[in-house]
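Here the structure comes first, spelled out in structure tokens, and everything after it is commentary.
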Protein chains: 2
Amino acid sequence: MKVDNIQSLKNILSENGYKITKAREDTFSVLLSPEPQSMAALIDKAHDKVDRVTMYRNIDLFEKLGIVNRIYVGWKYKLELSDSFMEHHHHLSCLSCGKVIDIEDEQHINEFIKSVTDKFNFTPRHHQFEIDGFCNVCSESKKS
Amino acid sequence: MKVDNIQSLKNILSENGYKITKAREDTFSVLLSPEPQSMAALIDKAHDKVDRVTMYRNIDLFEKLGIVNRIYVGWKYKLELSDSFMEHHHHLSCLSCGKVIDIEDEQHINEFIKSVTDKFNFTPRHHQFEIDGFCNVCSESKKS
DNA sequence: ATCTAAATGCAACAAAGTTGCAATAACTAA
DNA sequence: TTAGTTATTGCAACTTTGTTGCATTTAGAT
Ligand SMILES: [Mn+2]
Ligand SMILES: [Mn+2]
Ligand SMILES: [Zn+2]
Ligand SMILES: [Zn+2]
């Protein structure tokens with residue numbers, strides 16, 4: 001199920017026996033962004049609407065309900081609506097300068113995911129493929 | 001280069017202009033384990049030999065030198081000697097029961113890594129591929 | 001043996017995440 | 001619509017994790 005607007009949030013919450021609250025709507029609304037965001041950023045965005053502790057609790061709940069995913073970028077996690085499943089989670093990450101390069105080859109990866117999940121009767125919800133190393137610039141400067 | 005004993009540690013340190021110290025040897029020795037370990041576990045293991053702060057500093061250094069890798073398991077990072085490069089870092093992870101299934105298909109993945117890193121002139125040091133979702137057992141019980 | 005820079009330990013701090021609890025707000029059912 | 005019940009919230013206090021500054025120590029060079 002796609003959860004990309006307040007109404008679908010409300011549906012999921014009631015279907016699962018959770019209350020629809022102002023804090024949960026506000027938590028959800030700061031998640032609406034094309035980019036994954038750090039917990040600190042979310043807390044900051046919502047700080048005059050929702051308490052820090054409540055943010056943690058509601059993000060936890062949203063994760064349990066499959067509304068948000070946690071991904072790792074450069075050794076820090078970020079959060080995003082899981083509606084963006086299978087997008088933007090393959091990167092090359094430079095250990096030296098921190099640059100992150102997105103891998104575009106979705107199809108190749110999706111085929112691989114299908115083959116391996118089928119084999120184990122596993123139902124995928126989210127995935128991440130990160131390759132750490134050194135970008136062209138940093139590899140070059142290391143040779144000197 | 002393989003770094004799996006104290007002597008190879010000493011070599012790497014001096015080759016890179018770092019001093020060989022008791023604290024670094026002790027830090028290294030607690031890393032010797034078949035399983036990746038949390039930072040807390042490492043600090044605890046070494047707590048009467050090496051100060052917490054020094055552990056952080058030396059682990060950072062070891063990462064920079066490629067002696068240790070950081071991997072994510074269930075939303076927490078763990079550390080391991082990078083000697084185990086390209087092993088055990090592809091899993092299916094069940095969001096419901098926590099089961100972790102190792103993916104064996106190294107070859108397919110290694111080919112993919114080569115193709116994408118070549119494209120960007122990226123020098124890979126480590127990678128991780130995690131697929132989150134629901135295992136066969138948990139997928140089944142959800143249908144009821 | 002002496003010198004010097006690098007490395008360590010300690011104390012203090014900052015950031016991230018958790019817990020207990022009293023006050024409040026959402027649903028339930030009269 | 002109101003009153004009752006329970007989940008949810010905010011706040012304060014706390015724990016855990018990671019960082020910084022600095023005086024002291026130690027490795028390695030001469
Ligand atoms: Mn993807
Ligand atoms: Mn591998
Ligand atoms: Zn780089
Ligand atoms: Zn499971």
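Chain letters run A, B, ... following the sequence lines, proteins first and then strands; every chain starts at 1.
The 5' end of DNA chain C is approached more closely, in terms of each residue's nearest nucleotide, by A:V53 than by the other of A:Y18 and A:V53. Position along DNA chain D of the nearest nucleotide to B:I20 versus B:D60 favours B:D60 as the more 5'-ward residue.
Only one option out of B:E25, B:K19, B:R24 pairs with B:L13 in a side-chain contact (heavy atoms from CB on, under 4.5 Å); it is B:R24.
The distance from the OG1 atom of A:T123 to the CG atom of B:D132 is 12.5 Å, given to the nearest 0.5 Å. Annotation: the span from A:L31 atom CG to A:I59 atom CD1 amounts to 4.5 Å, rounded to 0.5 Å. Atom OG of residue B:S93 and atom CZ of residue A:F122 lie 6.5 Å apart, to the nearest 0.5 angstrom.
Heavy atoms of A:R52 sit under 4.0 angstrom from at least one base atom. Among the heavy atoms of the strands lying under 4.0 Å from A:R57 is at least one base atom, whether or not backbone atoms are also near.
Here D:dT17 presents its C1' atom at 16 Å from NZ of B:K78, a figure rounded to the nearest Å. The distance from atom CG of B:D51 to atom C1' of D:dC22 is 14 Å, rounded to the nearest whole Å. With rounding to whole Å, A:E25 atom CD is found 15 Å from C:dA25 atom P. Going from atom CG of B:N11 over to atom P of D:dG28 covers 12 Å, rounded to whole Å. Atom-to-atom, CG of A:L13 to C1' of C:dC27 comes out at 13 Å; the value is rounded to the nearest Å. In this structure, NZ of B:K76 is placed 11 Å from C1' of C:dA16, rounded to the nearest angstrom. A straight line from CE of B:M55 to P of D:dT17 spans 13 Å, rounded to a whole angstrom. Atom pair A:D44:CG and C:dA15:P shows a separation of 12 Å (rounding to whole Å applied).
Taking 4.0 angstrom as the limit, B:Y77 places a side-chain polar atom (N or O) nearer than this to OP1 or OP2 of D:dG18. The side chain of A:T21 contributes no N or O atom lying less than 4.0 Å from OP1 or OP2 of C:dA26.
Using bins of under 30°, 30° to 60° and over 60° for the plane-to-plane angle, the ring pair B:Y72/A:Y72 lands in the parallel bin.
Judged by distance alone, with hydrogens and angles left aside, A:K19 brings a side-chain donor or acceptor within reach of the base of D:dT6, the pair sitting under 3.5 Å.
Side-chain proximity of A:A23 to the nucleotides D:dG18, C:dT8, D:dT9 is greatest for D:dT9.
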